[in-house]
Amino acid sequence: MNTKSHILVNGHKHVVYQSNALSQKELIKQSAAFYNFLNQRRSIREYADTAVPKKVIEALLKTASSAPSGAHKQPWTFCAVSNPALKTKIKEAAEAEEKESYKSRMSDRWKKDLEPLGTNMHKPFLEVAPWLIIVFKKVHEVGESGEKMNNYYVNESVGIACGMLITAIHNAGLVTLTHTPSPMNFLAKLLNRPSNERAFLLLPIGYPKSPTYVPDIERKPLDEIAVFYE
Ligand code: IYR
């Protein structure tokens, strides 16, 4: 039996929002604690080959798909790859593109900017991490008889979903990296995606190799990233 009470607004069913409101004291404590927790997140390039249960990946992807999206179209597909042969194919194709990028497609300035991060054309994490999530954006939907149906604010929507996925991965005690081999169209081919889907981001998921060292970089202070108008 559905016990949820609802009302009709312009003929459309609405349910009561289950508010999460806290007292001011709790609000200050909780927002600061969450900042401290999320500020520990780092992009990780070295992974342990330790397995991560599929159930965990399913929960992470459901979290990502709870993101807001233009007209609630949820214009995304998350491809979760643990198949070793497919991971190897993705690694080989990504490294082939990266080789070209580092050799001739990226400017000297760009490579100089990346130097402190220690990136290069080799992407062993694409085989070592137990899961690769390849996020596709749906530039439009396809109707029952093959007709195109609009999606809205696709890049914004998929970007927000990816941010929530990264947050959920950190919350699970796992690590990831926003990897964007460029160009990324080999991913649609390897994963047999339909023509309305474009690769958006690749996220390896797993445990970090132990120990893992990350660049000693600082985040901008609040007064450089925010302006208050009170
Ligand atoms: N896609 C390349 C290069 C790269 C570009 C940026 I901007 C980064 O922040 C990191 C890497 C690579 O993955 O190595």
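Every number for a ligand or one of its atoms is a count from 1 in the order of the listing.
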Can you list the residues that meet the side-chain hydrogen bond (donor to acceptor under 3.5 Å, both in side chains) rule with Tyr152, with sequence neighbours excluded?
none

How about Arg109: does its CZ atom have over 12 heavy atoms from other parts shown lying under 6.0 Å from it?
no

For Gln24, does the CD atom sit with more than 12 other heavy atoms under 6.0 Å from it, leaving out its own atoms?
no

Does a donor on one side chain sit under 3.5 Å from an acceptor on the other, for Ser65 and Trp76?
yes

Short N or O contacts of ligand 1 with protein, under 3.5 Å, listed by atom name?
from, atom 1, to, atom 2, distance (Å)
ligand 1, 1 (N), Glu98, OE2, 3.0
ligand 1, 1 (N), Thr180, O, 3.4
ligand 1, 13 (O), Glu98, OE2, 2.8
ligand 1, 13 (O), Lys123, NZ, 3.2
ligand 1, 13 (O), His179, ND1, 3.3
ligand 1, 14 (O), Glu98, OE2, 3.4
ligand 1, 14 (O), Tyr102, OH, 2.5
ligand 1, 14 (O), Lys123, NZ, 2.5

If we ignore angles and hydrogens, is there a donor and acceptor under 3.5 Å between the side chains of Thr212 and Glu46?
no

N/O donor-acceptor pair under 3.5 Å between Arg45 side chain and Thr176 backbone:
no

